[in-house]
Each structure stands twice: as C-alpha cells, then as structure tokens.
Amino acid sequence: MKRTRRPRWLTVSIMCLVVFLVTTFALTVSADGDTTTVGATPSSDVVFTLDDVEYDLSDGESAQAYVDGYADNLNADPDFDTHLEKALATVRESVSQYATIWALLPPVIAIVLALITKEVYSSLFVGILAGGLIYSGFNFEGTVVHVISDGFVASLADSYNVGILLFLVMLGALVAMMNKAGGSAAFGRWATKHIKSRIGAQLATIALGVLIFVDDYFNCLTVGSVMRPVTDAQKISRAKLSYLIDATAAPICIIAPISSWAAAVSGFAAGSGAANGMALFISAIPYNFYALLTIAMMIFLAVTQTEFGPMKKHEDNAKNGDIFTVEVEEAVENMQGNPKGRVWDLVVPILFLVASCIVGMIYSGGFFTADSEGYQNFITAFSNCDASVGLAYGSVVALLFAVIYFSLRGVISFKNCMACVPEGFKLMVPAIMILTCAWTLKAMTDSLGAKIFISQIVESSAGSFALFLPAIIFLIAVGLSFATGTSWGTFGILIPIVLSVFGAESGVITVIAISACMAGAVCGDHCSPISDTTIMASAGAQCNHIAHVSTQLPYALLVAGVSFIGYVLCGFVQSAWVVLPICLVLLFAAILAIRAIQKRKAA
C-alpha cells in the first residue's frame, strides 16, 4: 500500500503558525504582566485643539485619530513629540504592540511563507491571522472580529478597492470577448509575421508598457492582453512577460509627469509644505535611480539575451516549448477558433479602452464640471482624478462599445458576447482573491501602526547620518513598501517626514531625498508578493503569481543594490548627471559578470 505524503507547504505552514502562536502568546503574557510601561497613561489628561480639531489624548479614539494624522500633525503641531508619545501610550492600552517592530511580523510571515511554499492563499491568510492575533492580544473573539469585520469586509467595502475589482472584471470580460472574436489570434498571426525574434518581442512589450504610462493597473492588464500572443509565438516564458509588464508599470508611472502616480506624489508633497508639488516631482525624476535603472536593465537584458536566477530556468523551458514551467490556475484562453477574426478586432477595442479610461480619469478629476478646479484643465483634472473611479468608468464604457462593435461586425453574436462576461470574471478570480487577501493584510499591518514605527526610525536617523540619509530613506521605503505591499501608502507617510526633516525649500538634497523615497517605494512594491501591482502583472501575463515573484526578485534586488550605492554617492556629490552614469556602468558590469560566471559554469 502506497503511503500518502503530506504536502511540504502544509507542513511548513503549520510549523510556522505554531512557532508564531507560541511567540505571540509569550509576548501577550509579557505585556499583560507589565502594566507599568505598556499602557501607562500620562499623569494629566492632555486636551488641545489643532487645525480646528479637538484632541483628548486620554481617550482611545481621539488618541488614535491623532496618531492616524501623523504626517499632517508632524508639521502642524509644535509639541508633536510630546503629544505623540502620550497618544501612543493611550493606544497601547488596547493594542499593546502598536507601532513596535511586531507590527511588521504579519507581512513578513506571509511573504516568507509564500516564497518558501509557493502557495499564496494560505500564506496570506496565515499573515492576516497573525495580525489579528497580535491586535486582539490573542483573544479569540477579538481576532475573528478584527480579521473579518475590520479586515476582509472593510477592504471589500472600500470604494477605491471596489472600483479596481470592477475594472478587473470588465477587462477580463473584454479580453474574453476579443479572444472569442478571434482578435487575439489574428494579432498573434500578424505579430509572428512582423516580429520575428525574441529580442523584438521583448522590446515591443517594453515599448507598449512605456506608451501606457497613465496608470500601473491599466498598464499591467492592457499590455498583458495585447502582448501575450506575441511573446507566446516567440517562446518567451510567462514569467519573463510578467517581469516586463511589472517593470514597465510602476517604474514608468513614477517618472511620467502625466500619470496617476505623479498626481499622488505631487499631492502628498503640496500638502506637506512644498510650494509646487508637481515641480518637485519633475525635479526628482533624474534622481529616481531605481526606475531609470530598471528600464535600462530590461532593454540590456533583452538585447544581450541574458537571464539569471530562476528566470533562466523559465526561459530555457520556454525555448523548449513550455512557456509556463509552473502550472497556472487561471483558465488560459483559447487563441484559436474564429476564422472571421481580424487584427482590428483586438486593436480597436484596446484603443477605445485607452481613450475611455483617460476620459474617465479626467472626468473624475472634474474636467467637465463647471465649478471644479480642474474644469477644462487637463493637467489639473488629471492631478485631482480618482484612478479607481476613472478606470471603472472607462472599462464599463469600453465593454459596452465592444459588444456593439463585435455584434455589428458579425464575428460573434450578442449571446456569445454576454457569455464572455462570466468567462472574464472567472479569468480574474485568482487575481481578485489575492488582491482581497493583500488588502486585508495591509489593513492588519496598518492597525498595528507599522507606518508609525517606520516613520519614527526615519526621524531618529535624520541627525546622526545626514550625508547617508538619502540611502537610509531608500532602504526604509523599500522595507515599508515591501511589508505593506503599497507604494502610495509609503509616499503618504514618508514624503511629509522627508520634507519636515530637510525643509520644503532646502534645494537639491530635498529633491534627492524625495526621489529616494519614491524609488524605494517602487522597489519594495516591485519585490513584494502582496503588492497589488505585482498581482496585476501576474494576472495580465496569466502567470503563476509566486513564479512571477521568485523570478523577478533577483533582478529587482540587483537594481536595488546599485540604486543604494547611487544614493550613498548622492549624499556627497548631489548631481544626477554624475551619479546616474556611474550606476549604469555598475549595473551593466554586474550583469556581464553574472553572464560570464554562468558561461564558465556551463563549460
């Protein structure tokens, strides 16, 4: 009788969970037994008014509200340090590990488990459960309420998140419709005739990613839908396609002045004392080493046909006909089928989608509203837009257009068009599930004050390591973005602190520090398996999510290492035109050295 073996990932997950439970229990007991430090309240209640808001720091809700406004209060409150200490003491009466290093434990557990086990759903859930346990002090009822009500339900009730999910479903239905109409297959045949090499297919993917710079979510799913037939025909692995999509999403958006990211960063900067947030953003572009080096590395790897790390295995397998290497759960669309399909059956819906999403975004920013700040002002309207709402508007309109277009073309019937809607939804279910878990894990991390803990590290480093502060800010931004899976959240908490430390008008060093913050946030977001952009890239390429993360990580870490050196140099040189060429030489030299080592081992 054959013995059934327990799956390795299950064993590792159980072991990690047991170790964590024991550790958390020990911490809880320690916290409960020491009531003199944790939860000690100030000798007198502190009640004060700040920006027309009254705070009572002896009250839990009021203290939490003050702490949640950390970035704004940092500049507005002259007694910020004293008030923050008292507010944290009050908050820690109910959440003993708030704003301590333990706040980073849930995402660390989820990420480590995901990389070890290659199983994303259970890893994320274990991380979420860990956050709930720490928050509730190991109380069963408190854990269930926090995880379900404050976590999953709150994440799915958030209007921004719902807009992104609607965009995903609509785009999935549109992709299914284009496939059934034969547009994707026709585009694949056309691309095979005109793009005849692996280098050409990769450069075409990069070029399309650069062109769609408006929003990272939009970039990931659109580029994936268009370029899958091309890269499949040239036997490029789905892992490599995911990397190219991911590396032309956030890294492009963060250096594009007309993008949802530019709007977010300039808004954070302007709200923290900068005279012109957009001008500061543009000034920081030459110093955004991670984004610029990532783009240079993609092109260099494609032209020299160099791969290393786990990506090399995926690419070698793809050359032999296996473009997946790791099995995917997504239903891979049928690219054959409809002889009536033409290239325009893919190009026209995609172009209409691009146009409608841009119009939807400026509509949400008030471009067409007479009494709005952005009325008939494209830049202002784009800066004020709600990307989630705009993309939802655009995708719904594009789907309606596609139904009418394909029906009039006679390539598929109205009934078949409607059948594509649930097909597209099913196509996006894995991405939706991972996004939901990632958002919930972020909610757990936020409720434990991870951002406050990181912010205090930045402030404490300001005086002691002034010349190295850009490099330190870069590392902290990487860590915060990696742990929370959000670069925008990292901008929101670190940019006000950076401007407070350096001053909004302190010249080049302020620009360098802001760019280090942005670069680090994008780097951490790029590496993190719980990042929504990383999840979108996997969905766009229809690649196994953990396969995408594990193959991309060595590439991202190499660029991160060179970027760190660049920011160390910038603390002394303070010139992008000197430091950036040095970083490019270091990056290309490192890639060529890795290639030489690989050839020596293969010989």
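Between Ile472 and Tyr567 there is no side-chain heavy-atom pair separated by less than 4.5 Å. Between Phe482 and Pro107, every side-chain heavy-atom pair lies at or beyond the 4.5 Å cut-off. Leu105 is listed as a side-chain neighbour of Ile134, based on a closest heavy-atom distance under 4.5 Å. Using a 4.5 Å cut-off on side-chain heavy atoms (C-beta onward), Pro554 and Pro310 make contact.
For Asn139 (side chain) and Gly142 (main-chain N/O), a donor-acceptor pair under 3.5 Å exists by modelled atom type. Using a distance-only test at 3.5 Å, with no hydrogens or angles considered, no donor-acceptor pair links the side chain of Thr248 to the main chain of Gly209. A donor-acceptor distance shorter than 3.5 angstrom exists from the side chain of Thr551 to the backbone of Ala547, with no hydrogens or angles considered. Ser364 places a side-chain N or O within donor-acceptor distance of the main-chain N or O of Asp386, the cut-off being under 3.5 Å. Side-chain atoms of Asp216 never come within 3.5 Å of backbone atoms of Ala249 as a donor-acceptor pair (strictly under, hydrogens ignored). For the pair Ser528 (side chain) and Gly524 (backbone), a donor-acceptor distance under 3.5 Å is absent. Gln552 places a side-chain N or O within donor-acceptor distance of the main-chain N or O of His526, the cut-off being under 3.5 Å. Here the side chain of Ser388 pairs a donor or acceptor atom with the backbone of Tyr160 at under 3.5 angstrom. A distance-only check finds no donor-acceptor pair linking the side chain of Ser481 to the backbone of Val478 [under 3.5 Å]. Checked by atom type and distance alone, the side chain of Thr490 pairs as donor or acceptor with a backbone atom of Thr486 at under 3.5 Å.
To the nearest 0.5 angstrom, Leu129 atom CG is 12.5 Å from Leu124 atom CG. Note that CG of Leu480 and CD1 of Ile454 are 5.5 Å apart. Values are rounded to the nearest 0.5 Å. Rounded to the nearest 0.5 angstrom, Asp246 CG and Thr294 OG1 are separated by 10.0 Å. Taking CG of Asn219 as the reference point, atom CD1 of Ile245 lies at 8.0 Å (rounded to 0.5 Å). To the nearest 0.5 Å, the span separating CD1 on Ile530 from CG on Leu435 amounts to 11.5 Å. Note that OG1 of Thr143 and CE of Met444 are 9.5 Å apart. Values are rounded to the nearest 0.5 Å.
Taking each heavy atom of Val579 and Gly566 in turn, the nearest pair found is CG1-O, 3.4 Å. For the residue pair Cys543 and Ser242, the shortest heavy atom distance occurs at CB-OG, 3.1 Å. Nearest heavy atom pair, residue Leu88 against residue Ala99, reads CD2-CB, 4.1 Å. Of all heavy-atom pairs spanning Ile254 and Ala291, the tightest one is CG2-CB, 3.6 Å. Summarising the geometry of Val559 relative to Leu587, their closest heavy-atom pair is CG2-CD1, 4.3 Å, with the distance given to 0.1 Å. The two residues Ala521 and Phe491 have their closest heavy-atom pair at CB-CE2, 3.3 Å.
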Review point. Which is it for Leu448 and Trp102 under the side chain to side chain contact (heavy atoms under 4.5 Å, CB included) test, yes or no, and what are the steps along the way?
Key: CA-CA 8 Å; Leu448 291 171; Trp102 301 106; over 6 Å; no
Review point. Can you list the steps and then say if Leu168 with Met536 is a side chain to side chain contact (heavy atoms under 4.5 Å, CB included)?
Key: CA-CA 9 Å; Leu168 268 173; Met536 293 283 194; 3.6 Å; yes
Practice item. Let me see the working for Tyr98 and Gln64 under side-chain hydrogen bond (donor to acceptor under 3.5 Å, both in side chains), right down to the final yes or no. Key: CA-CA 11 Å; Tyr98 188 85; Gln64 183 68 65; 3.2 Å; yes
Exercise for review: Starting from the C-alpha separation in whole Å, work towards a yes-or-no answer on side chain to side chain contact (heavy atoms under 4.5 Å, CB included) for Leu156 and Leu165.
Suggested key: CA-CA 9 Å; Leu156 291 175; Leu165 295 181; 3.8 Å; yes
Exercise for review: Using the ring-ring contact (aromatic ring centres under 6.0 Å, His included) rule, take Phe564 and Phe289 through it: C-alpha gap first, then chi angles, then the decisive distance, then the call.
Suggested key: CA-CA 9 Å; Phe564 174 75; Phe289 298 142; over 10 Å; no
Practice item. In sequence, state the C-alpha distance, the side-chain angles, and the governing distance for Asp79 and Phe48, and then conclude on side chain to side chain contact (heavy atoms under 4.5 Å, CB included). Key: CA-CA 11 Å; Asp79 297 319; Phe48 62 98; over 6 Å; no
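Between Tyr555 and Phe308, the ring center distance clears the sub-6.0 Å criterion. Between Phe474 and Phe468, the ring centre distance reaches or exceeds 6.0 Å.
Side chains of His146 and Ser447: a donor-acceptor N/O pair is present below 3.5 angstrom, by distance only. No hydrogens or angles considered: a donor-acceptor pair under 3.5 Å links the side chains of Ser531 and Asp525. Counting only N and O atoms by type, the side chains of His83 and Tyr55 include no donor and acceptor under 3.5 Å apart. In this structure, a donor-acceptor pair under 3.5 Å is absent between the side chains of Tyr287 and Gln574.
Test Asp77, Asn73, Thr90, Asp56 against Tyr66 for side chain to side chain donor-acceptor pair (under 3.5 Å) and you get one pass: Asp77. Exactly one of Asp446, Thr445, Thr440 qualifies for a side chain to side chain donor-acceptor pair (under 3.5 Å) with Lys442. That residue is Asp446.
With a 6.0 Å radius and a threshold of 12 heavy atoms from other residues, nucleotides or ligands, Phe140 has its CZ atom at or below the threshold.
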